[in-house]
There are 4 protein chains.
Amino acid sequence: MGREKKFSREELWDATRELVLEVGYTGFTFSLLAERLDISRAAIYKQFHNKEDLMIDYMVYEMEFSIALLQSIDANKDFEHQLDDLLNKMYSMKDVHQALGLATTIPSTTEHVIQQKQKLGGMHRDLYAPLVKVIDQGKSEGKIAQHRSANMLLGFIFQTIDVPNFERLTPENLIQEMKEFILYGLIGKNIE
Amino acid sequence: MGREKKFSREELWDATRELVLEVGYTGFTFSLLAERLDISRAAIYKQFHNKEDLMIDYMVYEMEFSIALLQSIDANKDFEHQLDDLLNKMYSMKDVHQALGLATTIPSTTEHVIQQKQKLGGMHRDLYAPLVKVIDQGKSEGKIAQHRSANMLLGFIFQTIDVPNFERLTPENLIQEMKEFILYGLIGKNIE
Amino acid sequence: MGREKKFSREELWDATRELVLEVGYTGFTFSLLAERLDISRAAIYKQFHNKEDLMIDYMVYEMEFSIALLQSIDANKDFEHQLDDLLNKMYSMKDVHQALGLATTIPSTTEHVIQQKQKLGGMHRDLYAPLVKVIDQGKSEGKIAQHRSANMLLGFIFQTIDVPNFERLTPENLIQEMKEFILYGLIGKNIE
Amino acid sequence: MGREKKFSREELWDATRELVLEVGYTGFTFSLLAERLDISRAAIYKQFHNKEDLMIDYMVYEMEFSIALLQSIDANKDFEHQLDDLLNKMYSMKDVHQALGLATTIPSTTEHVIQQKQKLGGMHRDLYAPLVKVIDQGKSEGKIAQHRSANMLLGFIFQTIDVPNFERLTPENLIQEMKEFILYGLIGKNIE
DNA sequence: TATGAATGAGGGTTCATTCAT
DNA sequence: GATGAATGAACCCTCATTCAT
């Protein structure tokens, strides 16, 4: 009963991601989204009470995906292989990660947004958990000094992933560069 | 003769910087700027044809300041001291640097914006020039491998500077952490 | 055979009355009505082509009820007792009467509305008929001057019923005040 | 400096009054108002932050006018002449009075509205004050019983003024009818 | 030159109404 | 007959920009 939906959640989130990456959070409008999905603005309002509700739900969706992705890192491999895996996966979610950075700019006007923001806060820990394990593996292998803060190191890694690719390296080469920098810094491995 | 300007460029740029940091590029409006300077919006329009023109000019202004700052690094010191100096200076322009990051989001609608964007591209090189010298110093001291791309390394450094300070370290400690990561990566100095 | 109706007319008019009194005519929406009856909006549209059609039909329904109520005034009692009865009954339909006042604000867009508005006009006479009898009784008892227009006097009575109860009198006291004013005006009975 | 206003406050309030009487508070929109004044909607927003602010200010304006009008009743005349004067003046503000009745339906969303509502409350007393004097005059002349509540009686008078003119009497005759009803009620003067 | 006033385009949102199952 | 989904028109409001003094 009732007629068939013209657009699925999947389609909606895909279009949302595209648009957020193209025009940013403030540039993102229901008009644009509706146009891209070839539906009316009102149709979206049937499912989301307002723009903020939609955006925060989108972010939770992306976060869940990211968590699942990072949780799939094989904890049985050695540190270097785990790091490889980690960097590849983080690189694949690079764009989305930037979009998620906008979460902080969503004003908390509705109860729903407040709740979802709290949820996102909790998910942040879930996202970091597998990464902390990688760092720990590094420490247990004696590769990383015990005293270094995993959070800080992960912060650096996340930042490094977002480096602009001015030199237009291939993803493989770019990731290789990142890996070298992340592991050994400016000084590099081969020196001294 | 004629009426005296009610506001100087200096005041205007200061107010612009404050506002951009407070509300972001999209939140930045002529209304806000006029209010802060206690002048009318129309007065600003006399000097800048539109919002984008003003923003791009502001960025050129900040870039010039940044270039001057980074050019003041003493090329006679050794690599580590230069790097220290570099990081401290970059840290002090951290916020502005983030604001500059918004440059990419300015749509190129007017001829003026297109020209200034090109100019900014050129200035980017000027900004990097003193930094490349630091890297070169590192290479000449045998600290950095010859084959590594200075641009890439600088990109990493810039990214690292922007790391979020979740652990609320003091600036001194934060810079210390950055330095260690930038120099030696995850692996760190004391290992191997 | 056919699905059973999920809601009766009675239920629908009850819900309509509640809502109109709560939110007014313009605040009244099919969404609210559907929600209160726990059915879909479309189900209402099956029975009423549009909002105005429903509202005008609702008013005819209320009018019929009001007519029946006022017709129950016992024409055999004397003037004062009839007036008592009248005021009590009018007071009990006070809210609905106010709601009916909104009828005039319904735009006559459909043929149905136009017809029903005419019907309402006719019913207005039916509503007034028993009241005119009360006035006539007053005249025949020599309480009311023959020359006075019954319609006009009834208009005054209806207006008086709607007086705002700023002093928060009990209904009994309020009705008593009304009665005194309606019968004797400002000057009052006990004077002269 | 700056260009000349295309519309004065006076014009704006006149157009507002017309529209409110034509379409009611909820039917009143900035679009309609702008169209009638032949200006853009945005021009109105320059002067009033939102619809409610405008409406509440309009009501204060009308209230001030009404107060001035009623204060001009000559307190030295006798009761009947004062009442005459009163009814004539109230009749002339009949429409506005109906519009003022809508004040209660304005939602209090902004601070400004809340303040103005309080102000209106105070003005209500100012409006009633000269009327209470008329009642008092009636009492001192022995025309009105001492125990009767002036507020209640004024409520009745206000209601009576709003009676619908179904019989299309001339204003003079209508006022005459009102006066008779208000003074002597149904029973009338000449009886007993 | 600086200003107050005015404007048009566009964003967020609601609602009466229609359509397809 | 009942439903869920979709729609377009209209509303409130903001903002970049222009105009006339």
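Just so we're on the same page: letters track the sequence lines, and every chain starts at 1. What you see is a predicted model, and the numbers here were worked out from it, not measured in a lab.
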Value in whole Å for how far the [atom2] atom of [N] lies from [atom1] of [X]:
X     : N      : atom1 : atom2 : value
B:M55 : F:dA16 : CE    : C1'   : 15 Å
D:D53 : F:dC13 : CG    : C1'   : 13 Å
A:K5  : F:dT7  : NZ    : P     : 13 Å
D:I39 : E:dA5  : CD1   : C1'   : 11 Å
C:L12 : F:dG1  : CG    : P     : 16 Å
B:L54 : F:dC15 : CG    : C1'   : 15 Å
C:I44 : F:dG4  : CD1   : P     : 13 Å

Nearest to the [X] side chain among [options], which nucleotide is it?
X     : options                : value
A:R3  : E:dT18, F:dC12, F:dG4  : F:dG4
C:K46 : F:dA6, E:dA20, E:dC15  : E:dA20
C:Y45 : F:dT18, E:dT18, F:dC12 : E:dT18

Check your understanding: Taking D:W13 as the fixed residue, which of D:F7, D:F65, D:F48 is the one that meets the ring pair (Phe, Tyr, Trp, His ring centres under 6.0 Å) rule?
Key ->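 Single pass found, and it is D:F48.
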
Practice item. Pick base, sugar-phosphate or nothing for B:F48, based on heavy-atom distances below 4.0 Å to the nucleic acid. Key: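 Since no nucleic acid heavy atom lies under 4.0 Å of B:F48, the category is nothing.
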
Point to revise | D:K51 vs F:dC12: side-chain N/O to OP1/OP2 distance below 4.0 Å | key: yes

Check your understanding: Does D:K6 have a side-chain nitrogen or oxygen under 4.0 Å from the phosphate oxygens OP1 or OP2 of E:dT7?
Key -> yes

Study note, to complete from the structure: Contacts of B:A43 and D:Q47 projected onto DNA chain E by closest heavy atom; the upstream (5') one is B:A43

Review point. For DNA chain E, whose closest nucleotide is more 5', that of C:A42 or that of B:S40?
Key: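 Result of the comparison: B:S40.
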
Point to revise | First of B:N50 and D:E4 reached from the 5' end of DNA chain F, by closest nucleotide | key: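 Counting from the 5' end, the first nearest nucleotide belongs to B:N50.
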
Check your understanding: Nearest heavy-atom pair of A:A34 and A:R41: which atoms, and what distance?
Key ->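 Scanning both residues, the minimum pair turns out to be CB-N, 3.7 Å.
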
Review point. D:I106 and D:K117: which non-hydrogen atoms are nearest, and at how many Å?
Key: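 Between these two residues, the closest heavy atoms are O-NZ, 2.6 Å.
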
Practice item. Can you sort out which residues in residues 27-36 of chain C have a heavy atom within less than 4.0 Å of DNA chain E? Ascending by number, please. Key: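 C:F28, C:T29, C:F30, in order of number.
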
**Study point:** Sub-4.5 Å side-chain heavy-atom contact between D:T29 and D:L33
**Key:** no

**Study point:** A:Y61 side chain near A:T16 side chain, heavy-atom distance below 4.5 Å
**Key:** no

Revision key, fill the gap. Scanning all shown strands, the Watson-Crick or wobble mate of E:dG4 with both distances under 3.5 Å is F:dC19

Check your understanding: With both distances kept under 3.5 Å, what pairs with E:dT14, Watson-Crick or G-U wobble?
Key -> F:dA9

Review point. So does A:R41 reach the base of F:dT7 with its side chain, donor to acceptor, closer than 3.5 Å?
Key: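 Answer no: no donor N or O sits under 3.5 Å from an acceptor.
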
Point to revise | D:Y45 six-ring centre to D:K51 NZ/CZ under 6.0 Å and within 45° of normal | key: no

Exercise for review: Take C:D53 and C:T110 through the side chain to side chain donor-acceptor pair (under 3.5 Å) test and state the conclusion after the steps.
Suggested key: CA-CA 8 Å; C:D53 278 15; C:T110 72; 2.9 Å; yes

Practice item. For C:E22, enumerate each residue passing the salt bridge (Lys or Arg N to Asp or Glu O under 4.0 Å) test, keeping only those at least two apart in sequence or located in another chain. Key: C:R36

